[in-house]
Amino acid sequence: MTFYAENETSFQLEFDWKGIYEEVALAVLDAEKCPYETEISLLLTDNAGIQEFNKETRGIDSPTDVLSFPNIEYDVPGNFEIAEEQEAGCFEPDSGELIIGEIIISVEKVISQADEYGHSYKREFAFLVAHSMLHLCGYDHMTLEEEQTMIKKQEDILNTLGITRE
């Protein structure tokens, strides 16, 4: 597994955010029974930075908490077999790892949302990583049923890791 992680902000999270990122990402991949070694990228930015990404990629000129950029076009969420059909661009040529995609998180949103919801920064960060990883595995929340599926999966993963609302 290859995990890329960069913090382009001056904000410092007071927990091992790289370790949590890797732990949560692996837990999602295990829960989804991903059969491949993978490559995932994470960028921590601020509200201004994520607003720019949101504007460029989605046409929405406002900050958000997390953006997910899956590298695979799934027919069915969690069905990684499609990657073999889309092989060009899905696998890193040198390592053979499946390039799952990229995650961008606003550290400012991690802090403000944790304060708003009354739990730790670690829990909010872990939740956003789990949420984004599920998007990278093909899940979405455009319908109530999809949203309920994602909520259950997120809660199960975080509970399994012992990352609860403190």
Side-chain angles (χ1 to χ4, degrees), residues 1 3-5 11 13-36 38-47 49-51 53-55 57-60 62-83 98-166:
M1 302 284 191
F3 295 96
Y4 295 104
F11 293 95
L13 295 170
E14 296 180 2
F15 58 88
D16 177 16
W17 62 269
K18 288 181 184 176
I20 295 297
Y21 153 54
E22 292 178 14
E23 181 179 30
V24 172
L26 284 171
V28 170
L29 293 170
D30 285 347
E32 292 302 307
K33 298 179 180 33
C34 179
Y36 304 105
T38 61
E39 178 181 302
I40 308 161
S41 298
L42 169 67
L43 173 65
L44 299 185
T45 190
D46 55 20
N47 282 346
I50 207 162
Q51 180 171 346
F53 284 110
N54 206 16
K55 182 179 176 182
T57 60
R58 300 175 60 219
I60 300 173
S62 63
T64 188
D65 51 5
V66 62
L67 292 170
S68 310
F69 300 98
N71 192 48
I72 302 165
E73 293 182 30
Y74 295 88
D75 291 333
V76 175
N79 182 357
F80 297 94
E81 292 175 9
I82 193 75
L98 178 63
I99 304 168
I100 290 285
E102 300 175 24
I103 301 169
I104 302 175
I105 294 177
S106 167
V107 177
E108 285 181 273
K109 288 286 188 182
V110 168
I111 293 167
S112 67
Q113 290 177 175
D115 290 344
E116 178 183 343
Y117 300 131
H119 54 245
S120 70
Y121 300 154
K122 174 183 167 182
R123 197 277 179 193
E124 183 64 20
F125 178 82
F127 170 82
L128 293 175
V129 171
H131 182 87
S132 190
M133 282 298 299
L134 288 169
H135 279 307
L136 298 186
C137 291
Y139 291 89
D140 210 340
H141 44 80
M142 300 303 287
T143 67
L144 180 59
E145 183 180 350
E146 290 173 340
E147 181 179 21
Q148 290 172 337
T149 297
M150 281 190 73
I151 289 170
K152 172 130 179 49
K153 286 180 174 287
Q154 290 161 176
E155 288 175 359
D156 289 349
I157 289 160
L158 295 178
N159 286 338
T160 297
L161 296 173
I163 302 173
T164 59
R165 297 177 189 261
E166 299 166 0

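Counting from 1, the numbers follow the sequence of the chain as shown.
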Heavy atoms from other residues, nucleotides or ligands near CD of Glu81 exceed 12 (cutoff 6.0 Å): no
Worked verdict on Glu39 versus Ile100 for side-chain contact (heavy atoms from CB on, under 4.5 Å): CA-CA 6 Å; Glu39 178 181 302; Ile100 290 285; over 6 Å; no
pair [X]-[Y]: side-chain heavy atoms closer than 4.5 Å:
X: Ile105; Y: Leu43; answer: no
X: Leu128; Y: Val110; answer: yes
X: Thr38; Y: Leu29; answer: yes
X: Phe15; Y: Ser120; answer: no
X: Trp17; Y: Leu42; answer: yes
X: Lys109; Y: Ile50; answer: no

Aromatic ring pairing His141/His131, orientation class (parallel under 30°, perpendicular over 60°, tilted between): tilted
Pairs flagged by salt bridge (charged side-chain N to carboxylate O under 4.0 Å, His left out) wherever residues 131-159 is involved - sequence neighbours left out: Glu32-Lys153, Lys152-Asp156
Gap separating the [atom1] atom of [X] from the [atom2] atom of [Y], nearest 0.5 angstrom:
X: Gln154; Y: Thr149; atom1: CD; atom2: OG1; value: 10.5 Å
X: Gln51; Y: Ser106; atom1: CD; atom2: OG; value: 10.0 Å
X: Leu158; Y: Lys122; atom1: CG; atom2: NZ; value: 10.5 Å
X: Ser112; Y: Asp65; atom1: OG; atom2: CG; value: 8.5 Å

May I have the list of side-chain donor-acceptor pairs in residues 66-78 shorter than 3.5 Å, sequence neighbours left out?
from  : atom 1 : to     : atom 2 : distance (Å)
Ser68 : OG     : Ser132 : OG     : 2.6
Asn71 : ND2    : Gly89  : O      : 2.7
Asn71 : ND2    : Ile99  : O      : 3.1
Tyr74 : OH     : Leu136 : O      : 2.8

Nearest heavy-atom neighbours spanning Leu98 and Cys34: CD2-SG, 4.4 Å
Non-hydrogen atoms of Asn47 and Glu108 that approach each other most closely: N-OE1, 2.7 Å
Side chain His119, main chain Arg123, donor-acceptor under 3.5 Å: no
Stepwise side-chain contact (heavy atoms from CB on, under 4.5 Å) check, Ile163 with Phe127: CA-CA 9 Å; Ile163 302 173; Phe127 170 82; over 6 Å; no
Verdict with supporting geometry, Leu13 and Leu44, side-chain contact (heavy atoms from CB on, under 4.5 Å): CA-CA 10 Å; Leu13 295 170; Leu44 299 185; 4.2 Å; yes
Asn54 side chain to Thr64 side chain, donor-acceptor N/O pair below 3.5 angstrom: no
Let me check something: any side-chain donor-acceptor pairs from residues 20-28 under 3.5 Å, sequence neighbours excluded? List them with distances.
from  : atom 1 : to    : atom 2 : distance (Å)
Tyr21 : OH     : Tyr4  : O      : 3.0
Tyr21 : OH     : Ile40 : O      : 2.9

Worked verdict on Ile104 versus Thr45 for side-chain contact (heavy atoms from CB on, under 4.5 Å): CA-CA 7 Å; Ile104 302 175; Thr45 190; 3.7 Å; yes
